[in-house]
Amino acid sequence: MPRLLKTRFAPSPTGLLHLGNVRTALFNYLLARRENGVFLLRIEDTDAMRGHEKYTEALQADLRWLGLVWSEGPAVGGALGPYLQSERSAIYQRYFAELEANGLAYPCFCSEHELNIARKTALAAGRPPRYSGKCRQLAPEERLARFAAGTPATLRFHVEDGGRVEFEDGVRGSQVFETSEIGDFIIRRSDGTPAFFFCNAIDDALMEVTLVVRGEDHLTNTPRQILLLQALGLPLPAYAHIALVVGADGAPLSKRTGSRSVQELREAGFLARAVNNYLARLGHTYENNQLLGLDALAAEFSARRLHRAPARFDEQHLHHWQHEAVRHASTDELCDWVTPAARALMPERSRDAFLEAVRGNVLFPPDTERWAKVVFGDTLEIAHDAHQAIEDAGKEFFDIARRAIEKHGGDFKALSGMVQHLTGRSGKALFQPLRAALTGALDGPEMARLLPLMGEERARARLIRWSNGAGG
RNA sequence: GACCCCAUCGUCUAGAGGCCUAGGACACCGGCCUUUCACGCCGGCAACACGGGUUCGACUCCCGUUGGGGUCGCCA
């Protein structure tokens, strides 16, 4: 009988969520959703660093913004909580005690400094930088003496040499690791807090997570967690390690290579649907090239369709999905999305028509504001090339244009037709100066849609400005 | 350094031995639409990292080389 699929996202609130993080969250969400399973959120705030509450809140806001709702975790609860690791100390203590009682873990008195030196010497000598196991040999009385002296101690999990750990990775296939390559690792820090390898694995088991989808950076750490879980007799989840996202230069994602936090993307005006569509296709493939909603994204998501090589972040692709998202957004959505200044400029009754007119030509809210100013604003900025086009057309041209607008109002086709007829100009020579004087630019949305929104008075004034002034 | 993972157009990718004259998307270029530009629509350019095998046949399998990524933390 197959267990209900339960995936999880277990971020550490040490900073804002970025593209790589949130992609992992998305994949977990999509998998759970496709199977009607559970998507769980757990906050790994063990080091209790300052500011973590701020980030805990921020990460939940980011997830909600993207629509990646969790059905178990902080804020929504669940039977297997608490879902903040900082509230689970008592649980961890039990397992530490069990491990120690069974002789599977031992206190280590080596100082950080000492360990660093050992690691460096090992590396320099071409040996693997693995813990020597020094404190494992300590006699009981020696341990007692150190404790009595107040020497700080960590707790190490003992990994026996000569074994092997095998598991099936959901995206990489079967994996085999020798235990001799692992070494004893720390599961409790000297300040008593649990280390990542430990609480992460324990919680997955205790919270009944059935599938762990995480970055490839955890692949070679997986055998440690399996060993731990086996030592404790806890159930093992299935694992799937996804390739990491790298920057345009192929190096790990950094601010330098365009990696931005989800918060920054949202503030820049990216639409959640654009981010989701981009991320779901980064290292994964869909037959459908249309903009998809989360449910459609989930329906065709498959771990088998995940590419195993690191994927490069490409801003152009993100922009493509942003363009699609803007194109398909409802006018209500767009109205919420534009800048407050643009919103203030748009008259209620021409709001929808305006948004429909410009949506194909805008990517971000400031772009919309630009057109709102052009269409509804009183002053007009004229770009250099536009100014040139106006001058080239000459004053007589605008005398005629003025008369045309007085006759035809917001009917751009009739207006331009009349100007063509009376000036003999057509094509570029006809439309560019008209567009330049009316909008201050040589490119933009269809004039036939902008002019009626602009209103006859505003348009007329803009044409008169370049004419001989007669009839002002 | 050891171990692990990976390698198809510039980028994201399809491809599970003959369906490949290597398909799609983004970008780019061209055309159409629009009496202008943009939007939209249509089309084009463009890749199997290299070297050995295995096979009647290799993008697909094996080995090596090169390149990239990851892990080996009292970070998660």
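Bear in mind that the values here come from a model prediction, so they are computed numbers and not experimental data. Below, chains carry the letters A, B, ... as their sequence lines are ordered, and counting in each starts from 1.
- Contact annotation for Arg224(A): backbone-only contact, meaning every heavy-atom pair under 4.0 Å involves sugar-phosphate atoms and none involves a base.
- Nearest to the side chain of Lys413(A), among C37(B), C12(B), U35(B), sits U35(B).
- Taking only side-chain nitrogens and oxygens, Arg305(A) never comes nearer than 4.0 Å to OP1 or OP2 of A14(B).
- Closest contact between the side chain of Leu430(A) and the listed nucleotides A38(B), C72(B), U35(B) involves U35(B).
- Side chain of Pro252(A), nearest nucleotide from C26(B), C12(B), G69(B): G69(B).
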List every contact pair, protein side and nucleotides 40-50 of chain B side both N or O, where the distance is under 3.5 Å.
unit_1, atom_1, unit_2, atom_2, d
G40(B), OP1, His323(A), NE2, 2.8

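- Whole-Å rounding puts the Leu291(A) CG to C26(B) P distance at 13 Å.
- Taking the six-membered ring for Trp and thresholds of 30 and 60 degrees, Phe185(A) and Phe157(A) have ring planes inclined between 30 and 60 degrees apart.
- In this structure, C61(B) and G53(B) make a Watson-Crick or G-U wobble pair, each of the two defining distances being under 3.5 angstrom.
- Distance CD (Gln432(A)) to C1' (U36(B)): 5 Å, rounded to an integer number of Å.
- Using modelled atom types, no side-chain atom of Glu324(A) and backbone atom of Ala274(A) make a donor-acceptor pair closer than 3.5 Å.
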Which atom pairs link the protein and nucleotides 3-8 of chain B when you take only N or O atoms and keep those under 3.5 Å?
unit_1, atom_1, unit_2, atom_2, d
C3(B), O2', Glu181(A), OE1, 3.3
C5(B), O2', Arg172(A), NH1, 2.1
C5(B), O2', Glu216(A), OE2, 3.4
C6(B), OP1, Arg308(A), NE, 3.4

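- For Glu168(A), there are no salt bridge (charged side-chain N to carboxylate O under 4.0 Å, His left out) partners at least two apart in sequence or on another chain.
- Ring centers of Phe364(A) and Phe270(A): under 6.0 Å apart, within the cut-off.
- Here the closest heavy-atom approach between residue Gln263(A) and residue Leu16(A) is recorded as NE2-CD2, 3.7 Å.
- Rounded to an integer number of Å, the gap from CG of Leu253(A) to C1' of G68(B) is 15 Å.
- In the set U11(B), C39(B), C72(B), the nucleotide with an atom closest to the side chain of Pro129(A) is C72(B).
- Taking atom CG of Asn289(A) as the reference point, atom P of C26(B) lies 7 Å away to the nearest angstrom.
- With sequence neighbours excluded, the residues that form a salt bridge (charged side-chain N to carboxylate O under 4.0 Å, His left out) with Glu356(A) are Arg359(A).
- Following rounding to the nearest Å, Asn116(A) (CG) and C72(B) (P) show an atom-to-atom distance of 14 Å.
- Ranking A38(B), C74(B), C26(B) by closeness to the Ser190(A) side chain, first place goes to C74(B).
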Distance-only criterion, 3.5 Å: show the donor-acceptor pairs between side-chain atoms of residues 380-392 of chain A and protein atoms not counting sequence neighbours.
unit_1, atom_1, unit_2, atom_2, d
Gln388(A), NE2, Asp392(A), OD1, 3.1

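- In this structure a side-chain-to-backbone donor-acceptor pair under 3.5 Å is missing from Arg42(A) to Gln85(A).
- For G44(B), the paired base is C28(B) (Watson-Crick or G-U wobble, both distances below 3.5 Å).
- Between Phe431(A) and Phe412(A), the ring planes are tilted. Angles from 30° to 60° get that label.
- Taking the six-membered ring for Trp and thresholds of 30 and 60 degrees, Trp466(A) and Phe398(A) have ring planes inclined between 30 and 60 degrees apart.
- The base of U11(B) does not come close enough to the side chain of Arg312(A) for any donor and acceptor atom to sit less than 3.5 Å apart.
- Counting atom types as modelled, Gln420(A) pairs a side-chain N or O with a base atom of U35(B) as donor and acceptor under 3.5 Å.
- The Thr154(A) side chain lies nearest to C74(B) when the options are C74(B), C12(B), G24(B).
- Under the Watson-Crick and G-U wobble criteria, each requiring two contacts below 3.5 Å, nucleotide U66(B) is paired to A7(B).
- Judged by Watson-Crick or G-U wobble contacts below 3.5 Å, the nucleotide G1(B) has C72(B) as its partner.
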Protein-nucleotides 59-66 of chain B N/O pairs under 3.5 Å:
none

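- C45(B) and C6(B) are spaced 29 Å apart, taking the C1' atom of each and rounding to whole Å.
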